[in-house]
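First comes the structure, then the notes that go with it.
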Amino acid sequence: MKKILIIGIGAGDPEYLTVQAINALNKADVFFILDKGPAKQKLIAFRRDICERYIKNRVYRFVDATSPEWERGTADYRSTIAALNQDKQVLFERLIADGMRDGECGAFLVWGDPTLYDSTIRILDAIEKKGAHDFGFEVIPGITAVQALAAKHKVTLNRIGGSIGITTGRKAVTASLDAGDSLVVMLDAENAYQRFAGHDVEIFWGAYVGSPDEILIAGKLDEVAGTIAQVRAEARGRNGWIMDTYLIRRTDGNDR
């Protein structure tokens, strides 16, 4: 029987790996690396680097594969992602069948945490239920950009007695923000924070959090929105992609 580990590797700093994740790295015989194009080569290099850094006295190998592409900006987002995940399922089944020998342990290294805005668990669960491959899988949690962002800005995610919402930029454009509550936004392709301009809110923004390219900006949204938009555009142009997360809340709270 084959075994698959879905390992959360944190949000960009090699020291974000948990002891459990490091132990999991040292159990794997093969690591599946998905290539998402030239702009994302740093993410591949990071995965290889943490293996070199943390795996001791163990022979392992990498199996590279091109990640399926998807059409961004479509009207039916759910159907688009469902089709993407179906394509990934076909790829994952091939990797499990051809990239591993019986009795071996394979691993997918997931940015941040596998349970938050990542479909690796869904895909492997679907493959396991399909029953065509004799394998089982385990999930190892990781530190997300959400936690790393709050730590970098030295703020708490929640106000006393308040709630936290975590959403995407796509959903943030229609989100509401009640007094005392916090909203964390990830995967924002359209500067959705601008929708809160004029609402007396503060923002704690970060891009590439934990990595050498980290950028942090904080302040009243109306005062820093223009700076964030400019820095964001420059970072996207420089790197070919942007990975940012931000916390928004009203400025009328009494605690940080």
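Under the ring-ring contact (aromatic ring centres under 6.0 Å, His included) criterion, F46 pairs with W111, sequence neighbours left out. Legend: residues meeting side chain to side chain contact (heavy atoms under 4.5 Å, CB included) with T115, ordered by chain and number and at least two apart, are D113, I121. Remark: Y208 pairs with W241 by the ring-ring contact (aromatic ring centres under 6.0 Å, His included) rule, at least two apart or across chains. For K130, the salt bridge (Lys or Arg N to Asp or Glu O under 4.0 Å) partners at least two apart in sequence or on another chain are E93. Residues passing the side chain to side chain contact (heavy atoms under 4.5 Å, CB included) test with R58, sequence neighbours excluded: D29, I55. Legend: residues meeting salt bridge (Lys or Arg N to Asp or Glu O under 4.0 Å) with D13, ordered by chain and number and at least two apart, are absent. Remark: Y117 engages no residue in a ring-ring contact (aromatic ring centres under 6.0 Å, His included) (not counting sequence neighbours). For the salt bridge (Lys or Arg N to Asp or Glu O under 4.0 Å) test, no residue two or more places apart in sequence or in another chain qualifies with R195. A search for salt bridge (Lys or Arg N to Asp or Glu O under 4.0 Å) contacts involving D213 returns K42, not counting sequence neighbours. When the ring-ring contact (aromatic ring centres under 6.0 Å, His included) test is applied to F137, no partner is found at least two apart in sequence or on another chain.
Residue R101 places its CZ atom among 12 or fewer non-hydrogen atoms of other residues, nucleotides or ligands, all under 6.0 Å distant.
Annotation for P14 and R53: closest pair CB-NH1, 3.2 Å, computed over non-hydrogen atoms. The shortest heavy-atom contact between L109 and C51 is CD1-SG, 4.0 Å. Across all their heavy atoms, R250 and H199 have their closest contact at NH1-O, 3.2 Å.
Here ring pair (Phe, Tyr, Trp, His ring centres under 6.0 Å) pairs that include residues 164-193, with residues two or more places apart or in two chains, are Y193-Y246. Contacts classified as side chain to side chain donor-acceptor pair (under 3.5 Å) and involving residues 16-27 (residues at least two apart or in different chains) are not found.
With 3.5 Å as the limit, one finds no donor-acceptor pair spanning the side chains of Q230 and T227.
Of the charged side-chain nitrogens involved, at least one lies within less than 4.0 Å of a carboxylate oxygen, so that R249 and E202 count as a salt-bridged pair.
In this structure, R47 forms no cation-pi arrangement with F31, as its terminal cationic atom is not both closer than 6.0 Å to the ring centre and no more than 45° off the ring axis.
Annotation: the span from L34 atom CG to L95 atom CG amounts to 7.0 Å, rounded to 0.5 Å.
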